[in-house]
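Just so we're clear, the structure is a prediction, and the values are computed from it rather than from any experiment.
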Amino acid sequence: QVQLVESGGGLVQAGGSLRLSCAASGRTFRSYGMGWFRQAPGKAREFVAATTWGDGRTVYAGSVKGRFTISRDNAKNTLSLQMNSLKPEDTGVYSCAVREYGLGTQAAEFRYWGQGTQVTVSS
């Protein structure tokens, strides 16, 4: 029903910035919650940020609060993640995901997933 494709990943030095985008196709609804997760090699996937598609409510992981900003453009069916003051520990594969109702921070709550985009922060 929903297809997600991430872009914008790359290599950046610590302290730098990067903006990720997620293009959604198929049906989207105001009730949807959309989020970003990341996974480093050998580690579990972790929550980064989420927003409601309809009214723009947001929630952030404590590790990124104040540095990352999640946003959505409903007209273009895109989800973005602006990442500032990047740290080496931010390195990982970033994936966007969709749940069918409201905000959520648990991966199991999200039904649709993109393939991910690699973000590498060098020290």
Side-chain angles (χ1 to χ4, degrees):
Q1 183 178 12
V2 180
Q3 302 293 320
L4 305 170
V5 180
E6 302 93 338
S7 63
L11 175 64
V12 64
Q13 291 187 325
S17 298
L18 207 59
R19 186 177 181 86
L20 305 182
S21 295
C22 174
S25 61
R27 298 289 186 181
T28 56
F29 301 90
R30 290 183 59 83
S31 63
Y32 279 7
M34 305 186 72
W36 289 96
F37 292 79
R38 66 188 182 190
Q39 186 170 24
K43 296 184 178 181
R45 180 168 53 193
E46 65 176 343
F47 169 77
V48 176
T51 186
T52 48
W53 188 247
D55 59 17
R57 288 175 290 153
T58 60
V59 62
Y60 295 89
S63 60
V64 306
K65 189 175 183 179
R67 298 189 298 120
F68 291 10
T69 302
I70 188 171
S71 62
R72 83 272 191 254
D73 186 329
N74 301 69
K76 297 181 179 180
N77 266 7
T78 58
L79 178 73
S80 298
L81 184 69
Q82 178 65 46
M83 305 183 293
N84 298 325
S85 301
L86 284 162
K87 305 174 181 179
E89 50 263 45
D90 293 318
T91 293
V93 175
Y94 284 67
S95 300
C96 61
V98 173
R99 60 177 289 173
E100 293 182 315
Y101 183 78
L103 286 175
T105 61
Q106 302 298 312
E109 299 172 343
F110 289 77
R111 182 173 181 177
Y112 306 102
W113 293 82
Q115 290 294 310
T117 185
Q118 177 70 43
V119 172
T120 302
V121 184
S122 64
S123 60

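- The two residues Ala23 and Thr78 come nearest to each other via the heavy atoms CA-CG2, 4.4 Å.
- Considering OG of Ser25 and CG of Leu4, their distance stands at 7.5 Å, rounded to 0.5 Å.
- Distance alone, capped at 3.5 Å, places no donor-acceptor pair between the Arg99 side chain and the Gly35 backbone.
- Contact record, Thr91 with Val121: OG1-N, 2.9 Å, taken as the closest heavy-atom pair.
- Note that SG of Cys22 and CE of Met34 are 5.0 Å apart. Values are rounded to the nearest 0.5 Å.
- Tyr94 is linked by a ring pair (Phe, Tyr, Trp, His ring centres under 6.0 Å) to nothing, counting only residues two or more places apart in sequence or in another chain.
- The backbone N or O of Glu100 sits less than 3.5 Å from a side-chain atom of Ser31, completing a donor-acceptor pair.
- Cluster annotation: Val59 is not connected to Leu81 through the hydrophobic network of ILVMFWY side chains, with a link wherever side-chain heavy atoms come within less than 4.5 Å.
- Tyr32 places a side-chain heavy atom less than 4.5 Å from the side chain of Val2.
- Counting only distance, with no hydrogens or angles, the side chain of Arg72 and the backbone of Leu79 share no donor-acceptor pair below 3.5 Å.
- Here the side chains of Met83 and Arg19 are not in contact, with every heavy-atom distance at 4.5 Å or above.
- A donor-acceptor contact shorter than 3.5 Å is absent between the side chain of Thr52 and the backbone of Leu103.
- In this structure, OH in Tyr60 is found 7.5 Å from OG1 in Thr51, a value given to the nearest 0.5 Å.
- Looking only at side-chain heavy atoms (C-beta outward), Val12 and Thr120 stay at 4.5 Å or farther from each other.
- Between Leu86 atom CG and Ser123 atom OG the span is 13.0 Å, to the nearest 0.5 Å.
- From Gln118, atom CD reaches atom CG of Leu11 across 9.5 Å, with rounding to the nearest 0.5 Å.
- No path of Ile, Leu, Val, Met, Phe, Trp and Tyr side chains, each step under 4.5 Å between heavy atoms, connects Val93 with Tyr112, placing them in separate hydrophobic clusters.
- No more than 12 heavy atoms of other residues, nucleotides or ligands sit less than 6.0 Å from atom CD of Gln13.
- Atoms CG and OG, from Asp73 and Ser80 in turn, are 7.5 Å apart once rounded to the nearest 0.5 Å.
- Placement of Phe47 and Trp36 in two distinct hydrophobic clusters is found when ILVMFWY residues are connected by side-chain heavy-atom separations under 4.5 Å, directly or transitively.
- The shortest side-chain heavy-atom distance between Lys43 and Arg38 does not fall under the 4.5 Å cut-off.
- The shortest distance between side-chain heavy atoms of Phe37 and Phe110 falls below 4.5 Å.
- Ion pairing between Asp55 and Arg30 fails under the 4.0 Å rule for side-chain N and carboxylate O.
- The two residues Ser95 and Gly116 make their nearest non-hydrogen contact at OG-CA, 3.6 Å.
- At a threshold of 4.5 Å between non-hydrogen side-chain atoms, the residues Glu6 and Trp113 do not count as touching.
- Between the side chains of Ser17 and Asn84, at least one donor N or O lies within less than 3.5 Å of an accepting N or O.
- At least one side-chain heavy atom of Trp53 sits under 4.5 Å from a side-chain heavy atom of Asn77.
- Side-chain atoms of Ser21 never come within 3.5 Å of backbone atoms of Ser7 as a donor-acceptor pair (strictly under, hydrogens ignored).
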